[in-house]
Amino acid sequence: MTKQLNALLLGEDYARSMGLSVRRARILTMACASVLGGVVTAFCGPISFLGIAIPHICRSLLGTSDHRPLVPAVILTGGTVALAAQIAALLPGDAGVLPLNAVTSLLGAFRSSWSFCCEAGERSSRHDRW
C-alpha cells in the first residue's frame, strides 16, 4: 500500500501512468483509515489527536513524504507518545489521576501553536524569495 500512496503523492496523472487505479486506491485508503480510526477509538477512547498529529510530527522530523519510512515511524512514535502521555497522566499518584485526553490535549496545543507560528513563518519566507 505504501507504493500506491507514494504514487498518489506525485499526482493522479502520474499514478495512472504507473498503472494504479486511483479510484480504487483512494477508496481502499479511506476504508482502512476509517476502520483503523474506529477500532482505535473503540478500544482506547477518544484520544484521536494522536492519529491526527503524529503523522505530521513524523513527517517534519524525518523530512520526507515517502511512506516507506513514515508508516513504521508513525506506528512507533504514536505508541511511544501514547505511552508517555499515559505515564504523565498517572504521575499525580494516589491523589488523583489526570484523564489521558487532558495530557494529549496539551500536546495538541503545543503542536498547533508550533504549526501556526513556526511553519507559517517558513511558508511566508519561502514565498518572499520568489
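We're numbering straight along the sequence, starting at 1. Below, all heavy atoms of this structure are taken into account, side chains as well, without hydrogens, waters or symmetry copies.
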Results of side-chain contact (heavy atoms from CB on, under 4.5 Å) for Ser65 - residues two or more places apart only: Leu9, Arg59
Pairwise distance CG(Leu70) to OG1(Thr64) - rounded to 0.5 angstrom: 6.0 Å
Leu76: side-chain contact (heavy atoms from CB on, under 4.5 Å) partners, not counting sequence neighbours: none
Non-hydrogen atoms of Ala15 and Ala7 that approach each other most closely: CB-O, 3.8 Å
Donor-acceptor under 3.5 Å (Ser60 side chain, Ile57 main chain): yes
Minimal non-hydrogen separation, Ala25 against Leu8, with atom names: CB-CD1, 4.1 Å
Closest non-hydrogen atom pair between Ala73 and Cys58, with its separation: O-SG, 3.6 Å
Residue that, paired with Cys32, satisfies side-chain contact (heavy atoms from CB on, under 4.5 Å) out of Thr29, Leu28, Val35: Leu28
Minimum-distance pair of heavy atoms, taken over all atoms of Pro72 and Arg68: CD-O, 3.0 Å
Residue pair Leu62 / Pro69: nearest heavy atoms and the distance that separates them: CD1-O, 4.0 Å
Co-members of Leu10 in a cluster of I, L, V, M, F, W and Y side chains, linked at under 4.5 Å: Tyr14, Met18
ILVMFWY network linking Val81 to Leu61, side-chain heavy atoms under 4.5 angstrom: yes
Backbone of His67 reached by a side-chain donor or acceptor of Asn6 within 3.5 Å: yes
